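All remarks here apply to the structure that follows.
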Amino acid sequence: QNPKAFGRSSAGITARIQQARKAEIQERKLHAPLVDRSYAAAEPPPIVVAVVGPPGVGKTTLIRSLVKHYTRHVLSEVRGPVTIVSGKARRLTFFECGNDLNSMMDLGKCADL
């Protein structure tokens with residue numbers, strides 16, 4: 001082993017770097033970001049995606065795979081609308097719609113895709 005690589009001088013430098021990093025993290029915690037609550041800065045509504053089809057074609061499987069793709073989490077059950085954050089300023093909401101004409105018309109009024 002190289003005695004210079006594990007000497008006291010490198011440990012002192014490492015300790016100073018770690019101490020500076022801890023101080024910077026503590027300083028960041030003290031400075032809370034200012035939130036702009038004006039109407040112009042409000043986040044846009046989510047993009048609504050309606051998945052429509054008869055039973056057994058894979059609507060739930062499609063929603064589960066999209067959630068896994070965007071969030072890296074496994075969704076065990078799909079109950080109601082699922083909203084995910086796909087970017088800093090973009091959200092997606094997935095609706096599962098059956099083969100019922102009334103529910104298709106209701107979702108068609110509010111869905112983007």
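Computed from a prediction, not measured in an experiment: that's the story for all the values here. These values consider heavy atoms only, across backbone and side chains, with no hydrogens, waters or symmetry-generated copies.
- Val49 has its side chain out of reach of Phe95: every pair of non-hydrogen atoms, C-beta onward, lies at least 4.5 Å apart.
- With rounding to the nearest 0.5 Å, the separation of CD1 in Ile84 from CZ in Phe94 is 4.0 Å.
- Under the side chain to side chain contact (heavy atoms under 4.5 Å, CB included) criterion, Glu27 pairs with Leu30, His31, not counting sequence neighbours.
- Pro54 is linked by a side chain to side chain contact (heavy atoms under 4.5 Å, CB included) to Val57, Asn99, counting only residues two or more places apart in sequence or in another chain.
- Listed by chain and number, the residues in a side-chain hydrogen bond (donor to acceptor under 3.5 Å, both in side chains) with Gln18 amount to none (sequence neighbours excluded).
- Taking hydrophobic clusters as Ile, Leu, Val, Met, Phe, Trp and Tyr residues chained together by side-chain heavy-atom distances below 4.5 Å, Val51 shares a cluster with Leu66.
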Enumerate, atom names and distances included, each donor-acceptor pair closer than 3.5 Å involving a side-chain atom of residues 101-111, sequence neighbours excluded.
{"unit_1": "Ser103", "atom_1": "OG", "unit_2": "Asp100", "atom_2": "O", "d": "3.0"}

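- For Thr83, the side-chain hydrogen bond (donor to acceptor under 3.5 Å, both in side chains) criterion is met by Thr93, not counting sequence neighbours.
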N/O donor-acceptor pairs under 3.5 Å from side chains in residues 67-77, not counting sequence neighbours:
{"unit_1": "Thr71", "atom_1": "OG1", "unit_2": "Val67", "atom_2": "O", "d": "2.5"}
{"unit_1": "Thr71", "atom_1": "OG1", "unit_2": "His73", "atom_2": "N", "d": "3.4"}
{"unit_1": "His73", "atom_1": "ND1", "unit_2": "Thr71", "atom_2": "O", "d": "2.9"}
{"unit_1": "Glu77", "atom_1": "OE1", "unit_2": "Arg79", "atom_2": "NE", "d": "3.0"}
{"unit_1": "Glu77", "atom_1": "OE1", "unit_2": "Arg79", "atom_2": "NH2", "d": "3.1"}

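- Within the 4.5 Å cutoff, no side-chain heavy atoms of Pro46 are placed close to those of Leu92.
- Residue pairs meeting the salt bridge (charged side-chain N to carboxylate O under 4.0 Å, His left out) criterion with at least one partner in residues 89-99, sequence neighbours excluded, are Glu43-Arg91.
- Hydrophobic clustering keeps Leu62 apart from Val52 (ILVMFWY residues linked when any side-chain heavy atoms are closer than 4.5 Å, directly or through intermediates).
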